[in-house]
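Quick note: numbers below take in every heavy atom, side chains included, and nothing from hydrogens, waters or symmetry partners. Ligands are counted one by one from 1 in listed order, and the atoms in each one are counted from 1 as well.
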Amino acid sequence: MLKTQHMLLLLCLVGAANALYKQWIPDTNYENKTNWDKGAVPCGNDIAQFSAQRKVSVFVETLHAVKEMRLPVDGEFILNSGAGFFVLPGQEPGCGQGVATKFKDSDSLQWFDPALWQGAATLDDLQRGNVLFSVHEERVPCQYDDVVFKALSSFKVDTSSSQSSIPVKSVSVLGKKFDSGSEFSQYLSSHTGRLQFHGSSAVTVGNPGCGDPSGCECGNSVNHERICGSVKCAALNCKMPLSPVGHCCEVCGAIVTVHYAGGFNMQTYRQRIHNLFLILPQYKSIQLGISKVSRSQRLLVIFPFGASPEIQVTILDGGDGTQAEALAWDIVKDVRTHGSHLGITEAEFQASSGNSSDQSAGSVGMVVGVVLGVLITIVLILIAVALVRRGVIQMPSVRLSLSSFKRNSDIGELGGPLDHGFANPMFDNLNTLPNIPDLHNSISITQTGGVYFVNPVYDENETDFNA
Ligand SMILES: *[C@@H]1O[C@H](CO)[C@@H](O)[C@H](O)[C@H]1NC(C)=O
Ligand SMILES: *[C@@H]1O[C@H](CO)[C@@H](O)[C@H](O)[C@H]1NC(C)=O
């Protein structure tokens, strides 16, 4: 019985470990001097001024002396216990002449601005400033993340997006955690909620967390353009800049691609990389982000067979990428010796110097890939042959030379428009196929192309969009 409980607890811990906490950085606090146009909190001789039209919820933590205060038409102060305002009878010593200080406008701060968020693996890490580096798309809360607005603070965030809702796991506001959808939408329609959240999309909570120990895809690629809209990319000084999936800018550094199998745990692996490498003095300036991404796979270059998830480790060093490359090597070597214990089948890297792990010992994966590719091709050919034998599909005559055919010259021979599926130039020699009564949902064999499928998803009524 005790054992079961332990098991359950362990599962909970592992499950929870995959969610990240994303904290909104700006606030609308009275005490934060960056919120005032003079760069200082108004003192006893100053006039604290809020623009009349701005709707804002301001958190006040302590007691303040002011000479005068000009308030907005619609807004609110959230007073911490013991907080408030009073007017001094005389001058406050050490406060200077006294000026009118304006509270800055925070209406334009966007939910999808990656610079305004920081992420951490635990709430504790967030508080201690142990924040994680990640690609731009994942700085903004992912669908399974816990969103945190600092406890003793208020804020204003514009949630406009092209989507009608922004799903997340939970939202914490003013120290209260909302993880039920109805409770949070009630909060959003309250006076404070409407001052804090504005914009066309509604943040919705109650999304399940990431239940996959190997990690989950963030889901922010639908908002890629909006996320990247405010990002300014730095000038680069490396030979072959890299483009990490989910990042807005090209970077100098290295990308390690990790292929995993059952037993891989994202959180454990993140900790391993931290404990083995990131704490070393030579990697002090390294920024490393781990994410699960999907890249569409191509067999024998031309044959797309869907997207398969893999782990992308993005490594930047703030320089030309030399340190990042050294770390990428360390990570690949670690996988080659300990990968099987970690549920990792393979890892390779590409660096912005042009170097990659394939240059030396890394050819094993390549060989495996080619062998696998050839095997799959053989299986597909066997299936095709079997189907032909059973009369399910018709076998076109195999032509030995395709070079003697001119492109586009023999469409007429086909007796009608031809569905090309994707406008892939590799498939242009379809035009040279002999007369096939029905090309849809069929498999054919030619000398050059090997085997291809015509994608049945494409509407039969759609005509040739190459023409
Ligand atoms: C004050 O606001 C700035 C910018 O919004 C933020 O970076 C900083 O953390 C805030 N200061 C405190 C003490 O929270
Ligand atoms: C690229 O690889 C070569 C050979 O392994 C090495 O000498 C060189 O330092 C590497 N370049 C970088 C930028 O690390």
Can you pull out the closest protein heavy atom to atom 5 (O) of ligand 1? Residue, atom name and distance to 0.1 Å, please. Pro26 CA, 3.3 Å
For ligand 1, which atoms, with element, lie under 4.0 Å from some heavy atom of Asp27? 1 (C), 10 (C), 14 (O)
Indicate the ring-plane relationship of Phe50 and Phe103, choosing parallel, tilted or perpendicular according to the 30° and 60° boundaries. tilted
Suppose I only count heavy atoms of Ile25 and a 4.0 Å limit; which atoms of ligand 1 are within that range? 7 (O)
Any protein heavy atom lying closer than 4.0 Å to atom 12 (C) of ligand 1? yes
Which of the listed options, Thr28, Asn29, Thr34, Asn32, holds the heavy atom that is closest to atom 8 (C) of ligand 1? Asn32
Under a 4.0 Å N-O cut-off, is there an ion pair linking Asp105 with Arg54? yes
How about Thr257 and Gln312: does a side-chain donor come under 3.5 Å of a side-chain acceptor? no
Cys228 and Cys248 SG atoms less than 2.5 angstrom apart: yes
Relative to each other, are the rings of Phe197 and Phe155 parallel, tilted or perpendicular (30° and 60° limits)? perpendicular
The protein heavy atom nearest to atom 9 (O) of ligand 1 is Lys150 NZ, 4.0 Å
